Amino acid sequence: MPELPEVEVSRLGLLPELAGRIITGAVTRTPKLRYPLPRNLGKRLTGARLANIRRRAKYLLFDIDHLSGDRTATLILHLGMSGSLRIVTPDTPPQIHDHVDIAFGDKVLRLRDPRRFGALLWHDNTTPIEDHPLINVLGVEPLEDLFDGAWLHGHLRKRSGPIKPVLMDSHMVVGIGNIYAAESLFLSGISPLRSAQKISAARCDTLADAVKQTLSAAVAAGGSSVRDYVHSDGGAGCFQLQCAVYERAGEPCLGCGKPVRKIRQAGRSTFYCPNCQK
DNA sequence: AGGTTGACCTGTCAGC
DNA sequence: TGCTGACAGGTCAACC
């Protein structure tokens, strides 16, 4: 799925097209994705305004105002494993797996999600969005200053398991999925098998920097388009072309030339170089 | 309590 | 050609 960079690239692509615009209609074509979709979405949204699009972890938060009675609401969107957002013209016929449309006059925001692991939830802003049960369990944002080597070292103390699944634990730090966990560990020279609590303070500094560098580079490259992911204009990201280890099993390591190894950890594929990562 | 596994769902590809 | 199984960017609930 989209990890943090893909979600952020989506947000940056949608913002100039849609922010501030009035919603002219909305359609849902399936009763549920991961959770049931908001009912009567068209009725609720028509005439309201999309004020802003924010991101928290891998969630996009669509701030809606000018609702009847001058209320505000937030649409919480998660792209799951295979979701993507596109802007299309109103006469573009929906294809299979195009589950939601939100229309803005001459532009339509369309959600496609073949595997339907995504989510779209309505949050009326009678309570802060930070208190929402899906949001209030989320850990620190990796690109914020709070996330650094000292913070990471403090949090890894209690984790005896291998570092790679820990790095992907959104209750600790958000936004790092399978691709960027592998790439960050390669960049920092740390084995994905190493016990999290046995990583020194100095190497935690290196790892925190590697995470920030990897995610930032991926945003700059427009994200990774490994299978389904595309931008709001239908174009592909190109970070996957810079991947050092992800999906490169058996190919020569870019550091030492020895073959990249693929193993399984916590049910997910892990790619790494046993020679460069200790 | 932390770690692992299965479940959710569809599409694709390798192997027979 | 057609079937079967494995696997795919996430995350939650259920188990040890």
Side-chain angles (χ1 to χ4, degrees), chain A residues 1-10 29-37 55-60 76-85 95-99 111-121 132-139 142 154-185 192-198 211 214-215 217-219 221-231 236-243 245-250 262-271:
Chain A
M1 135 34 305
E3 304 182 31
L4 185 151
E6 292 74 36
V7 178
E8 181 64 10
V9 167
S10 293
R29 302 190 186 84
T30 184
K32 69 183 281 278
L33 296 173
R34 185 187 221 323
Y35 306 108
L37 292 178
R55 181 187 59 73
R56 173 72 172 104
K58 296 171 188 168
Y59 292 93
L60 286 175
I76 303 172
L77 176 80
H78 197 293
L79 294 173
M81 203 82 137
S82 59
S84 59
L85 290 166
Q95 296 178 30
I96 188 169
H97 307 313
D98 285 344
H99 304 304
L111 171 64
R112 176 174 301 177
D113 185 6
R115 291 179 71 184
R116 291 195 256 143
F117 288 166
L120 181 66
L121 295 152
H132 189 281
L134 290 177
I135 306 294
N136 70 7
V137 295
L138 296 171
H155 279 78
L156 295 187
R157 299 186 99 83
K158 340 158 198 173
R159 309 294 294 263
S160 60
I163 180 62
K164 196 246 187 176
V166 173
L167 213 49
M168 293 173 66
D169 180 359
S170 63
H171 301 105
M172 184 184 81
V173 55
V174 301
I176 307 170
N178 209 29
I179 296 178
Y180 301 114
E183 293 300 313
S184 299
L185 286 167
L193 296 161
R194 175 167 291 276
S195 167
Q197 63 191 186
K198 290 185 179 163
V211 166
T214 302
L215 295 176
V219 173
S224 299
S225 294
V226 177
R227 286 169 192 86
D228 305 322
Y229 174 76
V230 291
H231 298 167
C238 59
F239 185 79
Q240 71 280 4
L241 302 175
Q242 324 176 10
C243 281
V245 287
Y246 185 76
E247 295 236 305
R248 293 194 63 244
K262 178 181 182 176
I263 60 171
R264 205 144 187 92
Q265 285 182 295
R268 313 295 299 275
S269 290
T270 295
F271 300 85

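Order of the sequence lines fixes the chain letters, A, B, ..., with proteins taken first and strands second; residue numbering starts at 1 for each chain. Keep in mind that this is a model prediction, so the values were computed, not measured.
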Chemist: More 5' along DNA chain B: A/G267 or A/K158, using each one's nearest nucleotide?
Modeler: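 Per heavy-atom nearest nucleotide, the more 5' residue is A/K158.
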Chemist: Could you state the atom-to-atom distance from NZ of A/K262 to C1' of B/dA14 in whole Å?
Modeler: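 My rounded result for the distance is 12 Å.
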Chemist: Nearest whole angstrom, please: distance from the P of B/dT10 to the CZ of A/R112.
Modeler: 16 Å
Chemist: Nearest to the A/R34 side chain among C/dA8, B/dC9, C/dT11, which nucleotide is it?
Modeler: C/dT11
Chemist: To the nearest 0.5 Å, what is the distance between NE2 (A/H171) and NE2 (A/H155)?
Modeler: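 It is 13.0 Å, given to the nearest 0.5 Å.
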Chemist: Determine: side-chain N/O of A/R264 to OP1/OP2 of C/dA8, distance under 4.0 Å, yes or no.
Modeler: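 So the side chain of A/R264 is within the cut-off, an N or O lying under 4.0 Å from OP1 or OP2 of C/dA8.
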Chemist: Identify the two heavy atoms, one from A/V166 and one from A/M172, that lie closest to each other, and give their separation to 0.1 Å.
Modeler: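 Reported closest heavy-atom pair: O-CE, 3.7 Å.
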Chemist: Provide, to the nearest angstrom, the distance between the CZ atom belonging to A/R268 and the P atom belonging to C/dC12.
Modeler: 13 Å
Chemist: Of the non-hydrogen atoms in A/A221 and A/Q242, which two are nearest, and what is the gap between them?
Modeler: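 For A/A221 versus A/Q242, the nearest heavy atoms are CB-NE2, 3.6 Å.
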Chemist: With rounding to whole Å, what would you report as the distance between B/dG6 and C/dA6 at their C1' atoms?
Modeler: 15 Å
Chemist: Grab the NE2-C1' distance between A/H99 and B/dT10 for me, whole Å please.
Modeler: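 These atoms are roughly 9 Å apart.
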Chemist: For A/R159, report the nucleic acid contact type (base, sugar-phosphate, nothing); a contact means any heavy atom under 4.0 Å.
Modeler: sugar-phosphate
Chemist: Select base, sugar-phosphate, or nothing to describe what A/S224 touches, counting heavy atoms under 4.0 Å on all strands.
Modeler: base
Chemist: Out of curiosity, A/N178 CG to A/E3 CD, how far, rounded to the nearest 0.5 Å?
Modeler: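 Atom-to-atom, A/N178:CG and A/E3:CD are 7.0 Å apart.
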Chemist: Compare side-chain N and O positions of A/S82 against OP1 and OP2 of C/dA8 and report whether any pair is under 4.0 Å apart.
Modeler: no
Chemist: What integer distance in Å separates A/F117:CZ from B/dA7:P?
Modeler: 12 Å
Chemist: Can you measure from CG (A/L4) to CZ (A/R56) and round to the nearest 0.5 angstrom?
Modeler: 10.0 Å
Chemist: Distance check needed: C/dT11 P versus A/D169 CG, whole Å only.
Modeler: 10 Å
Chemist: Using OP1 and OP2 only, check whether a side-chain N or O of A/H97 sits under 4.0 Å from B/dT10.
Modeler: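 Negative; the distance criterion is not met.
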Chemist: Could you tell me whether the side chain of A/D113 and the main chain of A/H99 form a donor-acceptor pair under 3.5 Å?
Modeler: no
Chemist: Select base, sugar-phosphate, or nothing to describe what A/F239 touches, counting heavy atoms under 4.0 Å on all strands.
Modeler: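 If one applies the 4.0 Å heavy-atom cut-off, A/F239 turns out to touch nothing in the nucleic acid.
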Chemist: What class does the angle between the rings of A/Y246 and A/F271 fall in, given that below 30° is parallel, 30 to 60° is tilted and above 60° is perpendicular?
Modeler: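 A/Y246 vs A/F271 ring planes: perpendicular.
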Chemist: Map A/A266 and A/P114 onto DNA chain B by nearest heavy atom, then report which one ends up closer to the 5' terminus.
Modeler: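 The residue whose closest nucleotide sits nearer the 5' end is A/A266.
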Chemist: Of the nucleotides C/dG10, B/dG3, C/dC12, which has the atom closest to the A/S160 side chain?
Modeler: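 The answer is B/dG3.
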Chemist: Can you check the A/L77 CG to C/dT11 C1' distance for me, whole Å?
Modeler: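 It works out to 15 Å between those atoms.
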Chemist: So what does A/Y180 touch, heavy atoms closer than 4.0 Å: a base, only the sugar-phosphate, or nothing?
Modeler: nothing
Chemist: Could you work out which one of B/dT10, C/dC12, C/dC7 sits closest to the side chain of A/R116?
Modeler: B/dT10
Chemist: Whole Å only: how far is the CD1 atom of A/I179 from the P atom of C/dG10?
Modeler: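 That distance rounds to 8 Å.
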Chemist: Which nucleotide sits closest to the side chain of A/M81: C/dG10, B/dT10, B/dT4?
Modeler: C/dG10
Chemist: According to a 3.5 Å limit on both distances, what stems of 3 or more consecutive Watson-Crick or G-U pairs are formed with DNA chain C?
Modeler: B:2-8 with C:10-16, B:10-16 with C:2-8
Chemist: Kindly indicate whether the side chain of A/R115 and the base of B/dC9 share any N or O donor-acceptor pair separated by less than 3.5 Å?
Modeler: yes
Chemist: In Å, rounded to the nearest 0.5 Å, how long is the span from OG1 of A/T270 to CD1 of A/I163?
Modeler: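 Spacing of OG1 (A/T270) from CD1 (A/I163) equals 12.0 Å.
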